[in-house]
Amino acid sequence: MAPLRRAASAAAVLLALTGLFLLVLSPADAATAAVEGGELRMKQSDGGYSYNSTLAHILVEYASAVYTSDLTSLLKWTCPRCEGHTKGFQMIEIIVDVEKCLQAFVGVAPDPRSIIIAFRGTQEHSASNWIEDLFWKQLDVTYPGMPDAMVHHGFYSAYYNTTLRHEILKSVQWAWKTYGRLPINVVGHSMGGALASFCALDLSVKWGSHKVQLITFGQPRVGNPAFAEYFNEQVPRTIRVTHENDIVPHLPPYFYYLGEWTYHHFAREVWLRETIVGNVVTRNETVCDCSGEDPTCSRSVYGRSVADHLEYYGVNLHADSRGTCQFVIGASNSAYGDILQFDGTIILSRYPQKRYPVESI
């Protein structure tokens, strides 16, 4: 691992030296440089999966609801964000890692009839500080079973090395035993999109890609080209939505000339943007190519907006109180089973915890 980390550090220095150069290029110049300089080539296959705008408008509301800090109202699905297209949702479990400020939930939706797994984005610091830190993130761990596939340790660990993964797997199994073999929709915004990506990959490898759909909003890059190609093969039912000049999908930076040492998005991107001609405003949902780094989509703009990061399809995607990691639990949660606290984690569950250990199904 030591040689790997030294190589990663060297790559990080190179990123720092070259990043400033690319930032002064116009978006068009940057795209042209990428194409003329030898764009990284990847297999372009989407397995016949296409973008469903109606589904995206529904699932973005779950990506918003998971930011709710009042866990009682979230558990009972009475929170202000628990309305609209998500009415009738039945919560199964909420998992909160207080120390790392992570939050996710699992439940069953009536439309589309499926299991929903939602991950919250960053809340510990302000969006601006988190975005600044994101620019310098390194590829520093090999994805298990894929020697050439590199990912960022922080994103990887937030899913695999916390309570989130164990509890989510248990909840999915309980849901299948209770409601039947429903399909799974995994959603997340910002860092929650990164966690949702690792979760969707985990579930697809474990139970088959035909069971899993992933849609993320404003997510950062999480791995290198080899990982992106592996991800495309394992989770073909994937949509990665970007919005106007949202800065986060541009981070960590993509440098084609670094080969396997650069970050690289997986497919397929859908870019939301507005065009104004006179007094007419047209909202466009552009379905991009399957490269993951389509230079005609979000990469065609500077991508420096935090405001565009915090709203998708007109839905707010940020915490109730920014810059903090606070949670509220009411005195009465009699409608559900267990409320457990251990190792800095809060779990609000519909089923008795000890009855359903993780097992192969």
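Reckoned from all heavy atoms, side chains included, excluding hydrogens, waters and symmetry mates. Because the structure is predicted, anything quoted here is derived from the model rather than measured.
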Parallel, tilted or perpendicular: which one describes the rings of F227 and Y230, with boundaries at 30° and 60°?
tilted
Where the side chain of E61 meets the backbone of H85, is there a donor-acceptor pair that is under 3.5 Å apart?
yes
Under 3.5 Å, side chain of R120 to main-chain N/O of C101, donor-acceptor pair present?
yes
Donor-acceptor under 3.5 Å (Y302 side chain, N245 main chain)
no
Given side-chain contact (heavy atoms from CB on, under 4.5 Å), test Y143 with L201 step by step and report yes or no.
CA-CA 11 Å; Y143 190 81; L201 178 56; 3.2 Å; yes
Heavy-atom donor-acceptor pair, H57 side chain to S53 backbone, under 3.5 Å:
yes
R240 and F217: side-chain contact (heavy atoms from CB on, under 4.5 Å), yes or no, with the steps?
CA-CA 6 Å; R240 185 175 49 79; F217 308 93; over 6 Å; no
Between N185 and S114, what is the shortest heavy-atom contact and its length?
ND2-OG, 2.9 Å
cation_pi(K137, Y263) dist<6.0 Å, angle<=45:
no
Is the closest side-chain heavy-atom distance between T286 and Y51 below 4.5 Å?
no
How many angstroms lie between CG in L75 and CG in L71, if you round to the nearest 0.5 Å?
8.0 Å
If you define the side chain from C-beta out and look only at heavy atoms, does anything of L169 sit under 4.5 Å from L203?
yes
Assess the pair H264 and Y254: is the distance between their ring centroids shorter than 6.0 Å?
yes
For residues 49-59, the salt bridge (charged side-chain N to carboxylate O under 4.0 Å, His left out) pairs (sequence neighbours left out) are none
Can you find a heavy atom in the side chain of V187 that is under 4.5 Å from one in the side chain of I117?
no
For residues V241 and Y313, determine if any side-chain heavy atom of one lies less than 4.5 Å from a side-chain heavy atom of the other.
yes
Taking the side chain as every heavy atom from C-beta outward, state whether V306 and D308 have any atom pair closer than 4.5 Å.
no
What about F89 and F105, are their ring centers closer than 6.0 Å?
yes
Does some side-chain heavy atom of L195 sit less than 4.5 Å from a side-chain heavy atom of L102?
yes
Can you name the closest pair of heavy atoms from G193 and T216 and give their distance?
O-CG2, 3.6 Å
For side-chain contact (heavy atoms from CB on, under 4.5 Å), just list the numbers for C82 and L74, CA-CA rounded to whole Å, side-chain angles, deciding distance to a tenth of an Å, and then say yes or no.
CA-CA 7 Å; C82 305; L74 186 62; 4.2 Å; yes
What distance do R237 atom CZ and Y49 atom OH have between them, rounded to the nearest 0.5 Å?
5.5 Å
Expected output: side-chain D140 to main-chain H153 donor-acceptor under 3.5 Å
yes
Rounded distance [0.5 Å steps], CG in D246 versus CG in L310:
8.0 Å
Would you say the side chains of D97 and T162 form a donor-acceptor pair under 3.5 Å?
no
How far apart are the closest heavy atoms of L214 and A200, and which atoms are they?
CB-CB, 3.9 Å
Less than 6.0 Å separating the ring centroids of Y159 and F198?
no
Indicate yes or no: does D294 engage R299 in a salt bridge with an N to O separation below 4.0 Å.
no
Does any donor atom in the side chain of D289 or S291 lie under 3.5 Å from an acceptor atom in the other side chain?
yes
Separation between OG1 (T296) and CD (E269), nearest 0.5 Å, reads 8.5 Å
Here the gap from L59 atom CG to I116 atom CD1, rounded to the nearest 0.5 Å, amounts to 5.0 Å
Looking only at side-chain N and O atoms, does R81 offer a donor or acceptor that is under 3.5 Å from a partner on S64?
yes
Exam field: side chain K211 to backbone R181, donor-acceptor pair closer than 3.5 Å:
yes
SB check R283 E274 (cutoff 4.0 Å)
yes
Mark yes or no for whether S204, through its side chain, and S209, through its backbone, hold a donor-acceptor pair below 3.5 Å.
no
Please give me the minimum heavy-atom distance between V96 and I94, naming the atom from each residue.
CG2-CG2, 4.0 Å
Just by distance, do the side chain of Q103 and the backbone of I95 share a donor-acceptor pair under 3.5 Å?
no
Validation row: E167, E93 side chains within 4.5 angstrom (heavy atoms):
yes
Taking the side chain as every heavy atom from C-beta outward, state whether I184 and L182 have any pair of such atoms under 4.5 Å apart.
no
With distance as the sole test, does W271 use its side chain to make a donor-acceptor pair with the main-chain N or O of E244 at under 3.5 Å?
yes
Within the 6.0 Å centroid threshold, strictly below: H152 and F155:
yes
If we ignore angles and hydrogens, is there a donor and acceptor under 3.5 Å between the side chains of Q219 and S190?
no
Show your working on side-chain contact (heavy atoms from CB on, under 4.5 Å) between L164 and Y160 and close with a plain yes or no.
CA-CA 8 Å; L164 292 182; Y160 282 99; over 6 Å; no
State which residues pass ring pair (Phe, Tyr, Trp, His ring centres under 6.0 Å) with H243; sequence neighbours excluded, sorted by chain then number.
Y312
Closest contact, heavy atoms only, P144 versus Y156
CG-OH, 3.3 Å
Please report whether the ring centroid of H189 lies less than 6.0 Å from that of H318.
no
Lys/Arg-Asp/Glu bridge criterion (N-O < 4.0 Å) met for R221, E293
yes
Considering all heavy atoms of both residues, which atom of L55 and which atom of P112 are nearest to each other, and what is their separation?
CD1-CG, 3.5 Å
Hey, mind stepping through S73 and T78 against side-chain hydrogen bond (donor to acceptor under 3.5 Å, both in side chains) and telling me if it holds?
CA-CA 5 Å; S73 66; T78 58; 5.0 Å; no
Here the gap from S197 atom OG to M191 atom CE, rounded to the nearest 0.5 Å, amounts to 11.5 Å
Hey, does the side chain of T86 reach the backbone of E83 with a donor-acceptor pair shorter than 3.5 angstrom?
yes
